[in-house]
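Accompanying notes for the structure given below.
Just so you know, ligand 1 is whichever comes first in the structure, and atom 1 is the first atom listed for that ligand. As a basis for the values below, the full set of heavy atoms in this structure was taken, side chains included, without hydrogen atoms, waters or symmetry mates. A quick note: this is a predicted structure, and the numbers were derived from the prediction, not measured.
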Amino acid sequence: MAYLQGVVAASRSKLELGTEGALYDKIRFRQREAGIGCALESITDYTLVECMRGGEVLLGLKKRGLGVGKWNGFGGKVEVGESAYEGAKRELREECGLEAEDLEWRAMLLFTFRDSGKLMRVHVFVADKFKGEPVETDEMRPMWFHKSEIPYADMWADDLYWLPKLLAGDKFMAWFDYMPGGEHTNKVVDSLLVDL
Ligand SMILES: Nc1[nH]c(=O)nc2c1ncn2[C@H]1C[C@H](O)[C@@H](COP(=O)(O)OP(=O)(O)OP(=O)(O)O)O1
């Protein structure tokens with residue numbers, strides 16, 4: 001499975017820099033330096049799927065919930081009893097009706113917010129083979145964008161840091177620390193990115 005292959009490839013390359021634990025440690029260090037108590041109180045797993053078609057990427061305008069009003073890939077919380085891979089496929093189907101034949105794991109994004117101890121861990125996959133046509137749902141209004149016309153101004157601020165790398169085929173782990181007010185202020189105050 002492409003997801004597992006990705007993980008194996010990662011562990012063979014920059015193991016010393018790329019391990020998730022090392023990244024958490026760096027986050028703790030950086031947050032302490034910034035004078036934050038740095039309680040990583042809870043971790044919640046999410047998925048994010050970027051569908052590719054030639055030089056285009058499918059984004060959805062989020063109609064409700066976290067990130068409402070922003071263009072984003074498709075995804076949501078990983079449910080109890082499912083893997084991130086399974087959760088990613090399910091969310092893609094639920095949010096825009098596409099059935100991915102396979103997903104390639106490409107990135108893990110960690111998000112912290114200066115006004116909470118919560119850490120979001122987002123597993124990012126790319127799909128280039130899928131069945132069906134994207135349809136609008138209660139959650140998302142899908143639209144294809146050429147790689148050169150991605151609406152970064154109307155997306156999460158972090159996307160500008162990592163989406164170009166993802167579209168270039170890179171694998172990586174990254175951390176983005178958001179100002180209080182997270183999705184409304186939409187300002188990244190610290191970040192780390194480790195190529196795998
Ligand atoms: N800073 C950020 N940058 C980004 O590109 N995507 C982000 C992000 N923070 C969250 N996301 C993505 C991850 C996930 O795909 C989505 C948030 O998930 P949802 O709100 O859809 O989750 P839930 O599962 O709680 O919702 P339901 O689907 O209603 O159950 O936004």
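Distances from atom 15 (O) of ligand 1 to the heavy atoms of T47, V122, L109 show the closest one on T47. The heavy atom nearest to atom 31 (O) of ligand 1, out of those in V68, L66, N72, is found in N72. Counting only non-hydrogen atoms, the option in D159, D138, T44, V49 that gets closest to atom 5 (O) of ligand 1 is D159.
Distance from atom 24 (O) of ligand 1 to its nearest protein heavy atom, with residue and atom name: K77 N, 2.7 Å. Atom 1 (N) of ligand 1 has as its closest protein heavy atom D158 OD1, 2.7 Å. For atom 10 (C) of ligand 1, the closest non-hydrogen atom of the protein is M120 CE, 3.3 Å. When hydrogens are left out, the protein atom nearest atom 20 (O) of ligand 1 is K62 NZ, 3.1 Å; that is the closest non-hydrogen contact. Residue, atom and distance of the protein heavy atom nearest to atom 22 (O) of ligand 1 are G76 CA, 3.5 Å. Protein heavy atom nearest atom 27 (P) of ligand 1, with residue, atom name and distance: E139 OE2, 4.0 Å.
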Please report the C-alpha distance between D177 and R114 in whole Å, then the side-chain angles of each, then the deciding distance to 0.1 Å, and finally whether the salt bridge (Lys or Arg N to Asp or Glu O under 4.0 Å) criterion is met.
CA-CA 7 Å; D177 193 20; R114 293 245 162 144; 2.7 Å; yes
Yes or no on side chain to side chain contact (heavy atoms under 4.5 Å, CB included) for R121 and D45, after CA distance, side-chain angles and deciding distance?
CA-CA 5 Å; R121 178 167 57 189; D45 283 297; 2.6 Å; yes
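Taking a 4.5 Å side-chain heavy-atom cut-off between Ile, Leu, Val, Met, Phe, Trp and Tyr, the cluster of M179 extends to V189.
Without hydrogens or angle criteria, K26 side chain to R30 main chain gives no donor-acceptor distance under 3.5 Å. Checked by atom type and distance alone, the side chain of D159 never pairs as donor or acceptor with a backbone atom of Y152 at under 3.5 Å.
The shell of residues lying under 4.0 angstrom from ligand 1, judged by heavy atoms, includes E91. At least one heavy atom of G75 sits under 4.0 Å from some atom of ligand 1. Not close to ligand 1: E183, with no non-hydrogen atom less than 4.0 angstrom away. Using a 4.0 Å cutoff on heavy atoms, W162 counts as a contact of ligand 1. Heavy atoms of E95 approach ligand 1 to within less than 4.0 angstrom.
Within 6.0 Å of the CD atom in E133, the count of heavy atoms belonging to other residues, nucleotides or ligands does not exceed 12.
The side chain of F111, and not its backbone, has at least one atom closer than 4.0 Å to an atom of ligand 1 (non-hydrogen atoms only; side chain from C-beta on).
Ionic pairing of E86 and R90 is not present here: no N-O contact between side-chain nitrogen and carboxylate oxygen is shorter than 4.0 angstrom. Between K89 and E82 there is no salt bridge, since none of the side-chain N atoms of the basic residue sits less than 4.0 Å from a carboxylate O of the acidic one.
Close contacts of ligand 1 with L48, meaning ligand atoms under 4.0 Å from a residue heavy atom, involve 5 (O), 6 (N), 15 (O).
Residue pairs meeting the side-chain hydrogen bond (donor to acceptor under 3.5 Å, both in side chains) criterion with at least one member in residues 50-59, sequence neighbours excluded: R53-E56.
The aromatic rings of Y178 and F111 sit tilted, their planes meeting at an angle between 30° and 60°.
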